[in-house]
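Please read the structure below before turning to the comments.
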Amino acid sequence: MEANFWRTRWQDGQIGFHQNDANPYLKQHWAALGVAAGGQVLVPLCGKSKDMLWLRSQGHSVLGVELSALATEAFFAENGLQATAVADGKFMRSSAAGYDLLCGDFFDLGRRECANVAAVYDRASLIALPTEMRDRYAHALTALLEPGTPVLLVTMEYPVEESEGPPFSVDEKEVRRLYQGAFDIRHVGTEDVLVNNPRFRERGVTSLQEKTYILRRL
């Protein structure tokens, strides 16, 4: 899946993955990660997510990474923030009020950019990637994080033969295959959400679950 796919989705307004409120699993499980107030949270493929507002309200600074300049610009504009943009390596960094959004490719991210990351929140990143890209993503994320760094991961599971992603179905076996050995992995929640997702029902999906995990870098 090429970067231009996501840029085109934003240009065409095809952003059904965007939620208008902070994610309920984020609110429910974040405290269990034990992230100190003021700690920086990395949000891969952040879009213009309201989850970043919630994380900031908890006292954290936010480091978002996003391919689409339209998305990063929309985040600041829709929240009444005047951002300062500067070139930063392979990224364009836009900053305001405790938010640093890096416009560019997640796979160009290095330890320099992530030196202050205290935790990761992944609701829309792993499930946005097709099977052939997930190993690369998991390896890259693992390499960025210091031992002890927690990750709150939210995934979707549905019968793969019933729908093409994105978002893609990533089951627990896949999560453990990707991260076992580099992270302690705890499955902390499962919700049946098909009734709340008409676009999946319209595709013919008969079962849809969202699962939440807490990972901790070993």
[X]: side chain to side chain donor-acceptor pair (under 3.5 Å) partners, not counting sequence neighbours:
X      : value
Glu191 : none
Ser95  : Asp100
Ser207 : none
Arg203 : Ser163

Looking at [Y], is its backbone amide N or carbonyl O close enough to the side chain of [X] to form a donor-acceptor pair, meaning the two atoms are under 3.5 Å apart?
X      : Y      : value
Arg217 : Ala143 : no
Gln40  : Ala118 : no
Asn79  : Leu81  : no

Which residues pass the side chain to side chain contact (heavy atoms under 4.5 Å, CB included) test with [X], not counting sequence neighbours?
X      : value
Thr212 : Tyr25, His29, Leu152, Val154, Val188
Arg201 : Leu194, Pro198
Asp122 : Ser125, Leu126, Tyr137, Leu153
Gln209 : Glu157, Thr190, Asp192, Lys211

Heavy-atom closest contact ([X] atom, [Y] atom, distance):
X      : Y      : result
Lys48  : Ala71  : CB-O, 3.7 Å
Ser68  : Cys103 : C-SG, 3.9 Å
Ala96  : Gln82  : CB-O, 3.5 Å
Ser94  : Ala83  : CB-CB, 4.2 Å
Ala22  : Lys27  : CB-CE, 3.6 Å
Ala128 : Phe168 : O-CE1, 3.5 Å

Mark yes when over 12 heavy atoms from residues, nucleotides or ligands other than Glu161 sit less than 6.0 Å from its CD; otherwise mark no. yes

According to the side chain to side chain donor-acceptor pair (under 3.5 Å) rule, which pairs have a member within residues 107-119, sequence neighbours left out? Asp88-Arg112, Arg111-Glu146

Which side chain to side chain donor-acceptor pair (under 3.5 Å) pairs, counting each pair once, include a residue from residues 55-65, with sequence neighbours left out? Trp30-His60

Test side-chain contact (heavy atoms from CB on, under 4.5 Å) applied to Leu26 and Arg123, step by step: CA-CA 9 Å; Leu26 171 62; Arg123 180 194 74 81; over 6 Å; no

Restricting to pairs with a member in residues 186-218, which pass ring-ring contact (aromatic ring centres under 6.0 Å, His included), not counting sequence neighbours? Tyr158-Phe200, His187-Tyr213

Pair listing, ring-ring contact (aromatic ring centres under 6.0 Å, His included) test, anchored in residues 65-92, at least two apart: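 Qualifying pairs: Phe75-Tyr99.
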
Give, for atom [atom1] of [X] and atom [atom2] of [Y], the distance between the pair rounded to the nearest 0.5 Å.
X      : Y      : atom1 : atom2 : result
Tyr179 : Ile185 : OH    : CD1   : 9.0 Å
Phe183 : Leu145 : CZ    : CG    : 5.0 Å
Glu210 : Asn196 : CD    : CG    : 8.5 Å
Thr131 : Arg134 : OG1   : CZ    : 4.0 Å

May I ask you to test the [X]-[Y] pair for a side-chain heavy-atom distance under 4.5 Å?
X      : Y      : answer
Leu63  : Val41  : no
Leu101 : Glu66  : no
Arg177 : Asp135 : yes
Leu218 : Asp184 : yes
Val43  : Asp51  : no
Val205 : Glu162 : yes

Going only through I, L, V, M, F, W and Y residues with side-chain contacts under 4.5 Å, is there a path from Leu141 to Met133?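 Cluster IDs for Leu141 and Met133 match.
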
In terms of hydrophobic clustering (I, L, V, M, F, W, Y; side-chain heavy atoms under 4.5 Å; direct or indirect links), are Met92 and Phe107 co-clustered?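 No, because Met92 and Phe107 fall into different hydrophobic clusters, even though each may have its own neighbours under 4.5 Å.
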
Would Arg199 and Glu202 pass as an ion pair if we require N to O under 4.0 Å? no

Passes side-chain contact (heavy atoms from CB on, under 4.5 Å), Leu102 versus Lys90? Steps please. CA-CA 9 Å; Leu102 301 178; Lys90 294 184 178 181; over 6 Å; no

Let me see the working for Leu42 and Thr149 under side-chain contact (heavy atoms from CB on, under 4.5 Å), right down to the final yes or no. CA-CA 11 Å; Leu42 172 63; Thr149 306; over 6 Å; no

Please assess Val117 against Leu144 for the test side-chain contact (heavy atoms from CB on, under 4.5 Å), listing each intermediate value before the final yes or no. CA-CA 9 Å; Val117 168; Leu144 292 173; over 6 Å; no

